[in-house]
Undergrad: 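The structure follows.
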Amino acid sequence: MTTLRPFTFDDLFKFNNVNLDPLTETYGMSFYTQYLAKWPEYFQLAESPSGQIMGYIMGKVEGRQHNWHGHVTALTVSPDYRRLGLAALLMKFLEDVSEKKRAYFVDLFVRKSNQVAINMYTNLGYIIYRTILDYYAGDQDEDALDMRKALSRDTKKKSIIPYTQPVRMEDLHEADMQ
């Protein structure tokens, strides 16, 4: 049986089995501790009966007015525990927290090449809102897809009307204020 519980500082020393995946963004320790301090309710993990970390989700709530939303910063499941519905369970958790915070939508960024994740998010009700050019830096820069799911507060579903043109990183804040 899987247990969902809040991520703790001690878990930072135990989650390498989950983070050692080429599609998982790994951040510095201060990044994780900032999320734990500012948005602890958005940082959850799935744990096996033996205490093994199976996966986790890290997010936050941000924006203003009609742009007030939950954001998925990281979602990852250990290869040993994939295809068991854990990612969907963790996403549902974050969506529920965002509903309680009266957010209009939940968004996330995903690599354009990560078709498995894109399909999963689509099956969970997310739409491709826009493309962000060269979002992921590396040997070869890669575009991100900004995917969104409207929550109950967005009764007219305005938050998920997709952009027709890609945007650049430097245009993100300006585009979100419109």
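These numbers come from a predicted model, not from an experiment.
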Undergrad: Counting only heavy atoms from other residues, nucleotides and ligands, does the tally under 6.0 Å from NZ of Lys92 exceed 12?
TA: no
Undergrad: Flag yes if more than 12 heavy atoms outside Lys100 fall under 6.0 Å of its NZ atom; otherwise flag no.
TA: no
Undergrad: Given the rule that I, L, V, M, F, W and Y join up when any side-chain heavy atoms are under 4.5 Å apart, are Ile128 and Phe109 in one cluster?
TA: no
Undergrad: Measure the OG1-CD distance between Thr2 and Glu47 for me, rounded to the nearest 0.5 Å.
TA: 10.0 Å
Undergrad: Flag yes if more than 12 heavy atoms outside Lys60 fall under 6.0 Å of its NZ atom; otherwise flag no.
TA: yes
Undergrad: Which pair of non-hydrogen atoms, one from Gln52 and one from Tyr81, has the smallest distance, and what is that distance?
TA: CG-OH, 3.6 Å
Undergrad: Quick one, Thr122 with Met147, criterion side-chain contact (heavy atoms from CB on, under 4.5 Å). Give me CA distance, side-chain angles, the key distance, then yes/no.
TA: CA-CA 9 Å; Thr122 301; Met147 298 187 75; 3.7 Å; yes
Undergrad: Do you know which two heavy atoms are closest between Asp143 and Leu133, and how far apart they sit?
TA: OD1-CA, 3.3 Å
Undergrad: Which distance, rounded to the nearest 0.5 Å, do you find between the CH2 of Trp68 and the CZ of Arg102?
TA: 11.5 Å
Undergrad: Check the hydrophobic clustering (I, L, V, M, F, W, Y; side-chain heavy atoms under 4.5 Å; chains of links allowed) and say if Val167 and Leu108 are grouped together.
TA: no
Undergrad: Other residues, nucleotides and ligands only: do more than 12 of their heavy atoms fall within 6.0 Å of CZ on Arg83?
TA: no
Undergrad: For the residue pair Pro162 and Arg130, establish whether any side-chain heavy-atom pair is separated by less than 4.5 Å.
TA: no
Undergrad: For the backbone of Arg168 and the side chain of Asp134, can you confirm whether one donor and one acceptor N or O come within less than 3.5 Å of each other?
TA: no
Undergrad: Go through it in stages, so that I can follow the logic: the residues are Phe7 and Tyr32, the test is side-chain contact (heavy atoms from CB on, under 4.5 Å), and I'd like the CA-CA distance, side-chain angles, deciding distance and then a yes or no.
TA: CA-CA 10 Å; Phe7 198 99; Tyr32 294 105; 5.7 Å; no
Undergrad: Quick one: does any side-chain atom of Asp11 pair with a main-chain N or O of Thr8 as donor and acceptor, under 3.5 Å?
TA: yes
Undergrad: Can you check whether His71's main-chain N or O pairs, donor with acceptor, with Glu62's side chain at less than 3.5 Å?
TA: no
Undergrad: Rounded at 0.5 Å granularity, tell me how far CG in Asp107 sits from OH in Tyr129.
TA: 9.5 Å
Undergrad: Looking at Arg148 and Ser159, what are the two nearest heavy atoms and their distance?
TA: NH1-O, 3.0 Å
Undergrad: Hey, would you say the Tyr35 and Tyr27 ring centroids sit under 6.0 Å apart?
TA: no
Undergrad: Take a 6.0 Å sphere around CD of Gln115 and say whether it holds more than 12 heavy atoms from other residues, nucleotides or ligands.
TA: yes
Undergrad: Which heavy-atom pair separates Lys157 from Leu151 by the least distance, and what is that distance?
TA: NZ-O, 4.0 Å
Undergrad: Do Tyr121 and Met91 touch side chain to side chain, with heavy atoms closer than 4.5 Å?
TA: yes
Undergrad: Report yes if some heavy atom in the side chain of Leu90 is under 4.5 Å from a heavy atom in the side chain of Tyr56; otherwise report no.
TA: no
Undergrad: Side chains of Thr33 and Leu12, heavy atoms from C-beta outward: is any pair under 4.5 Å?
TA: yes
Undergrad: Scan the side chains in residues 36-43 for donor-acceptor partners under 3.5 Å anywhere in the protein, sequence neighbours excluded, and list what turns up.
TA:
residue : atom : partner : partner atom : Å
Glu41   : OE2  : Lys101  : NZ           : 3.0
Tyr42   : OH   : Ser98   : OG           : 3.1

Undergrad: Nearest heavy-atom pair of Tyr136 and Ala144: which atoms, and what distance?
TA: CE1-CB, 3.6 Å
Undergrad: For a 4.5 angstrom cut-off between non-hydrogen side-chain atoms, does Met29 reach Phe13?
TA: yes
Undergrad: Closest heavy-atom contact between Thr76 and Arg82?
TA: OG1-NH2, 4.4 Å
Undergrad: Shared ILVMFWY cluster between Ile127 and Ile132, side chains joined below 4.5 angstrom?
TA: yes
Undergrad: Atom CD of Glu99 and atom CZ of Arg153: how far apart are they, to the nearest 0.5 Å?
TA: 10.5 Å
Undergrad: Would you say Leu75 and Tyr126 are hydrophobically clustered, going by side-chain heavy atoms of ILVMFWY under 4.5 Å?
TA: yes
Undergrad: Please confirm whether the backbone N or O of Ile53 pairs with a side-chain atom of Lys14, one donor and one acceptor, at under 3.5 Å?
TA: no
Undergrad: How long is the gap from OG1 on Thr26 to CG on Asn16, to the nearest 0.5 Å?
TA: 8.0 Å
Undergrad: Kindly compute the distance separating NZ (Lys149) from CD (Glu95), expressed to the nearest 0.5 Å.
TA: 3.5 Å
Undergrad: I'd like to know if Leu124 and Val116 are part of one continuous hydrophobic network [Ile/Leu/Val/Met/Phe/Trp/Tyr, side-chain heavy atoms within less than 4.5 Å].
TA: no
Undergrad: Could you check if a side-chain atom of Arg5 sits within less than 4.5 angstrom of a side-chain atom of Leu45, using non-hydrogen atoms only?
TA: yes
